[in-house]
Amino acid sequence: MLLLAGLGVAGWGSAALVPAAGGSEARIGDDPAEIFRRFLENPEPVRRMVYRRSFSRHRILVVDDQGRERAVEPRPVLEHLELAWQPMGWYRRFGEGSHALYRTKGWKHVEFERPVPGAEPVVGTNPEYSWSLNNGHTRLSIVARLSREEAPNDWHMARVQDTQAIYDLRFGLDALGPGRLQWISPEEFLVEEVDYLLFGGGHGRIVAWDSRQRPTELVYAARNAKGRYETWKVRYTYRDDRPFPPWLYVVEENSEGRGRLWHTNCVDEFETGLDPAAPRGYYPEMFRRANTPYEMVTLYSNDVRYMVSRQGRLHRLPVVPYEPLRQPQTNVWFKLFMSGVVLAGGAALWLGLRRRRGAS
């Protein structure tokens with residue numbers, strides 16, 4: 001890890017959401033509604049969450065044969081995901097049907113690659129950098145966690161990764177964005193806008209509870225990229241043996257351009273607490289197979305992109321400017337994937353030229 005020396009240390013957590021020191025797990029005398037409110041406002045550390053989210057929530061944009069941008073029809077597929085959320089970092093692992101493994105077929109259909117068992121795509125963070133492992137853990141991408149003033153493009157890329165983890169911990173409130181959530185009454189809450197997204201911010205309220213006083217329905221109004229507010233609804237179903245989080249939540253979307261859609265999500269396993277293996281967050285070596293060599297390593301630092309050769313040398317690559325996200329379903333991972341494709345092409349060209357020169 002000598003390559004990472006000098007990247008700087010900047011706390012991973014955004015101002016919007018940082019793991020709380022207290023716990024939101026059920027305790028004797030706790031009000032289930034209060035557990036729900038406390039976690040959404042500032043979640044405690046999550047040691048492991050295994051869950052499934054509807055792939056239809058993603059808005060996949062492609063270019064058709066006439067060069068027009070179109071949205072691929074939503075797929076009724078559940079993404080298989082795993083997450084940990086700790087004071088010094090987090091990770092998300094992508095399984096079957098996940099956003100990190102999809103590809104478009106023409107401009108109408110989406111297909112999924114099968115994950116390599118034990119080498120599924122993973123993204124994670126620690127105080128020094130954000131990272132992602134792909135292609136059977138043979139490709140590593142690293143983004144230095146510098147301040148916004150030092151490296152605005154790097155800051156935005158890291159913040160986008162944080163945002164995806166925050167959404168998964170808010171159980172259906174994605175359209176409100178990752179801004180600070182504040183309860184203004186036992187039923188009503190506000191979410192602040194953030195200046196690095198073109199959407200988000202709004203207000204909502206709990207409108208129904210079950211016999212154990214657990215919230216079963218929530219409605220909210222969220223600002224879209226055009227500055228207009230759209231109404232969303234979330235319905236929650238709980239397991240008898242688990243007061244929180246809900247086991248099933250169905251998000252009803254009623255947005256411009258997509259109309260009314262329902263997105264089904266499940267939380268299968270949920271364990272709170274500190275992870276003793278991650279006192280400083282998560283690092284790629286914690287997930288890789290020891291005998292898997294890297295085919296490519298890319299590094300983003302001080303708004304400069306580098307390819308790291310097998311000899312450990314840095315080779316500067318063209319800069320791809322950051323663009324603010326237009327919608328919560330906009331394909332963030334597609335942008336990152338395409339950046340990886342560009343990098344892969346540049347790396348292949350560079351390595352080919354090196355080999356030809358060596359042969360000559």
Inset, instruction - Each residue besides Leu190 in its hydrophobic cluster should be listed here, by chain and number; the cluster joins Ile, Leu, Val, Met, Phe, Trp and Tyr at side-chain heavy-atom distances under 4.5 Å. - result: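 Cluster partners of Leu190: Ile184.
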Inset, instruction - Run through the side-chain heavy atoms of Ile, Leu, Val, Met, Phe, Trp and Tyr, join any pair under 4.5 Å, and report what else lands in Val219's cluster. - result: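 Hydrophobic cluster check, Val219: joined to Val207.
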Side chains of [X] and [Y] in contact at under 4.5 Å (non-hydrogen atoms):
X      : Y      : answer
Tyr294 : Pro284 : yes
Tyr220 : Leu176 : yes
Ser132 : Pro121 : no
Leu169 : Leu83  : yes
Leu133 : Arg288 : yes
Ile142 : Tyr300 : no
Phe36  : Leu218 : yes
Thr264 : Leu248 : yes

Test your reading of the model: is there a side-chain donor-acceptor pair from [X] to the backbone of [Y], 3.5 Å cut-off?
X      : Y      : answer
Asn126 : Arg280 : no
Glu150 : Ser147 : yes
Arg223 : Gly200 : yes
Asn224 : Lys226 : yes
Thr216 : Ala208 : yes
His137 : Glu120 : yes

Inset, instruction - For the pair Asp31 and Arg214, evaluate salt bridge (Lys or Arg N to Asp or Glu O under 4.0 Å) and give the outcome as yes or no after the intermediate values. - result: CA-CA 8 Å; Asp31 174 10; Arg214 296 176 295 193; over 6 Å; no
Inset, instruction - Apply side chain to side chain contact (heavy atoms under 4.5 Å, CB included) to Met157 and Arg145, showing your working. - result: CA-CA 9 Å; Met157 284 192 291; Arg145 296 194 73 93; over 6 Å; no
N-O pairing of [X] and [Y] below 4.0 Å:
X      : Y      : answer
Glu44  : Arg38  : no
Arg260 : Glu252 : yes
Arg212 : Asp210 : no
Glu187 : Arg205 : no
Asp195 : Arg148 : yes
Asp154 : Arg305 : no
Glu269 : Arg48  : yes

Search all heavy atoms of [X] against all heavy atoms of [Y] and return the closest pair with its distance.
X      : Y      : result
Thr125 : Ser130 : CG2-OG, 3.5 Å
Ser301 : Tyr306 : O-CE1, 4.2 Å
Gly273 : Gln86  : O-NE2, 3.0 Å
Arg53  : Asp168 : NH1-OD1, 2.9 Å
Gln161 : Gly124 : OE1-O, 4.3 Å
Gly136 : Val116 : CA-CG2, 4.2 Å

Legend entry - Audit row: Trp209, Tyr236, side chain to side chain contact (heavy atoms under 4.5 Å, CB included) steps and yes/no: CA-CA 9 Å; Trp209 294 260; Tyr236 300 104; over 6 Å; no
Distance check, rounded to the nearest 0.5 Å: [X] atom [atom1] versus [Y] atom [atom2]?
X      : Y      : atom1 : atom2 : answer
Asn254 : Glu230 : CG    : CD    : 8.0 Å
Asn135 : Thr138 : CG    : OG1   : 4.5 Å
His315 : Thr298 : NE2   : OG1   : 13.5 Å
Trp247 : Thr237 : CH2   : OG1   : 7.5 Å
Glu41  : Arg170 : CD    : CZ    : 9.5 Å
Ile166 : Leu181 : CD1   : CG    : 11.0 Å

Inset, instruction - Decide side chain to side chain contact (heavy atoms under 4.5 Å, CB included) for Glu271 and Met49; before the verdict, give the C-alpha distance in whole Å, the side-chain angles of both, and the deciding distance to 0.1 Å. - result: CA-CA 6 Å; Glu271 180 184 359; Met49 181 169 77; over 6 Å; no
Inset, instruction - Answer with yes or no after comparing the ring centroid distance for Trp183 and Phe189 against a 6.0 Å cut-off, counting only values under it. - result: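 Ring centroids of Trp183 and Phe189 are less than 6.0 Å from each other.
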Legend entry - Proximity of Phe244 and Tyr238 rings by center, below 6.0 Å: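 No - the distance between ring centres of Phe244 and Tyr238 does not fall below the 6.0 Å cut-off.
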Listed by chain and number, what are the ring pair (Phe, Tyr, Trp, His ring centres under 6.0 Å) partners of [X], not counting sequence neighbours?
X      : value
Tyr91  : Tyr282, Phe287
Trp155 : Tyr196
Tyr249 : Phe171

Legend entry - side-chain hydrogen bond (donor to acceptor under 3.5 Å, both in side chains) partners of Ser255, counting only residues at least two apart: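 Ser255 satisfies side-chain hydrogen bond (donor to acceptor under 3.5 Å, both in side chains) with Glu253 once adjacent residues are dropped.
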Inset, instruction - Check the pair Arg52 / Glu79 against salt bridge (Lys or Arg N to Asp or Glu O under 4.0 Å), numbers first and verdict last. - result: CA-CA 5 Å; Arg52 292 167 287 162; Glu79 296 185 77; over 6 Å; no
Determine whether [X] and [Y] fall in the same hydrophobic cluster, where Ile, Leu, Val, Met, Phe, Trp and Tyr are linked whenever their side-chain heavy atoms lie under 4.5 Å apart.
X      : Y      : answer
Val308 : Tyr129 : yes
Trp85  : Phe270 : yes
Trp232 : Trp262 : no
Trp131 : Val304 : yes

Inset, instruction - Output, in order, the C-alpha distance, side-chain angles, deciding distance and verdict of salt bridge (Lys or Arg N to Asp or Glu O under 4.0 Å) for Arg37 and Glu34. - result: CA-CA 5 Å; Arg37 287 191 295 266; Glu34 177 60 25; 3.0 Å; yes
Legend entry - side chain to side chain contact (heavy atoms under 4.5 Å, CB included) assessment of Tyr167 paired with Leu173: CA-CA 7 Å; Tyr167 289 160; Leu173 306 186; over 6 Å; no
